[in-house]
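Since the structure comes first, as structure tokens, the remarks are kept for the end.
Please read these numbers as outputs of a predicted model, since none were measured by experiment.
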Amino acid sequence: MQESTVTQTSTFEPDVRAVPFVDEGEGPVTLTLVTRRDLQADGLGVVAHYLAEEAGFRVVRIGARAESDGISDSDRAADALAVLDHLGIADTWIGGHSAGGTIARVFAAEHHERVNGLLLLGVEDAEIDLAAGIPVLIIQASDDEVTPAVHAEKLQATAPERASITRIPHADHYFPATHPIETAVVIEEYLDWD
């Protein structure tokens with residue numbers, strides 16, 4: 001499935017920043033996925049499309065600015081906030097894969113009042129505390145050598161009462177692209193109770 005056939009990328013330009021995004025589906029659960037990459041290369045298109053079409057979620061994917069050299073994760077979180085404001089989204093689950101998950105962690109720390117929960121698809125080893133009181137779903141590939149399970153386990157240990165880990169067996173770092181349905185089903189089942 002080619003991403004261009006299932007999504008249409010828009011660009012929001014607050015303060016001369018061109019922030020690409022895709023807004024797909026509608027429903028009682030909103031999930032925002034952020035990335036440091038171009039949306040066509042983030043590996044989350046099939047996951048997002050499944051969640052929008054099959055699970056009935058509203059899924060917003062927010063990509064990186066065209067000119068992104070020297071942009072901090074806090075700046076990227078501000079870009080995500082600007083897009084959510086533009087779309088009229090008051091609160092959301094927020095997440096991302098690897099570096100995108102790090103941006104989501106920054107977003108949750110800086111804008112916790114806008115966050116219903118945090119979704120991390122592989123965890124970078126970053127010193128960012130989890131925002132208080134927010135549930136956390138960590139999805140970890142069994143064979144991920146880029147964001148190994150030890151990072152997820154270390155983060156979960158900081159909030160074991162509200163952070164859980166689900167593993168995707170026989171998958172590597174690129175599991176959202178190589179195992180999109182398995183990944184989407186885990187997200188659907190977890191977020192559906194929210």
* May I ask you to say whether K154 pairs ionically with D125, meaning some side-chain N is under 4.0 Å from a carboxylate O? => yes
Which atom of [X] lies closest to which atom of [Y], heavy atoms considered:
X: I165; Y: R167; result: CG2-NH1, 3.6 Å
X: L44; Y: D42; result: N-OD1, 2.9 Å
X: P180; Y: A177; result: CD-O, 3.5 Å
X: V59; Y: L33; result: CG1-CD1, 4.1 Å
X: S164; Y: Y190; result: OG-CE1, 3.5 Å
X: H151; Y: V146; result: CE1-O, 4.5 Å

Flag if over 12 foreign heavy atoms under 6.0 Å of [atom1], [X]:
X: E153; atom1: CD; value: yes
X: R37; atom1: CZ; value: no
X: E161; atom1: CD; value: yes
X: E113; atom1: CD; value: yes

* To do: Given side-chain contact (heavy atoms from CB on, under 4.5 Å), test R58 with D23 step by step and report yes or no.
  => CA-CA 7 Å; R58 181 178 187 182; D23 184 9; 2.7 Å; yes
Do [X] and [Y] come close enough that some side-chain heavy atom pair is under 4.5 Å?
X: V19; Y: H86; result: no
X: Q156; Y: V123; result: no
X: V185; Y: I181; result: yes
X: T183; Y: L121; result: yes
X: L84; Y: H111; result: no

* Check the pair T35, R61 against side-chain contact (heavy atoms from CB on, under 4.5 Å), reporting the backbone distance first and the verdict last. => CA-CA 8 Å; T35 183; R61 290 172 41 230; over 6 Å; no
Spacing of [atom1] belonging to [X] relative to [atom2] belonging to [Y], to within rounding of 0.5 Å:
X: H179; Y: H170; atom1: NE2; atom2: NE2; result: 8.0 Å
X: Q140; Y: T147; atom1: CD; atom2: OG1; result: 5.0 Å
X: L191; Y: T30; atom1: CG; atom2: OG1; result: 10.0 Å
X: W93; Y: I134; atom1: CH2; atom2: CD1; result: 9.5 Å
X: I138; Y: T166; atom1: CD1; atom2: OG1; result: 9.5 Å
X: D73; Y: D79; atom1: CG; atom2: CG; result: 11.0 Å

Should [X] and [Y] be counted in the same cluster of Ile, Leu, Val, Met, Phe, Trp and Tyr side chains packed under 4.5 Å apart?
X: Y174; Y: L119; answer: no
X: V29; Y: V47; answer: yes
X: F107; Y: L87; answer: yes
X: I139; Y: L31; answer: yes
X: L130; Y: V34; answer: yes

* To do: Dump the intermediate steps for side-chain contact (heavy atoms from CB on, under 4.5 Å) on I94 and L118, then the final yes or no.
  => CA-CA 5 Å; I94 190 156; L118 188 58; 4.0 Å; yes
* Using 30° and 60° as the class limits, which term best fits the ring planes of H97 and H173: parallel, tilted or perpendicular? -> tilted
* **Passing candidate, side chain to side chain contact (heavy atoms under 4.5 Å, CB included) with R114, options D85, T32, T92** => D85
* Take E110 and R76 through the salt bridge (Lys or Arg N to Asp or Glu O under 4.0 Å) test and state the conclusion after the steps. => CA-CA 12 Å; E110 294 178 356; R76 293 176 198 281; over 6 Å; no
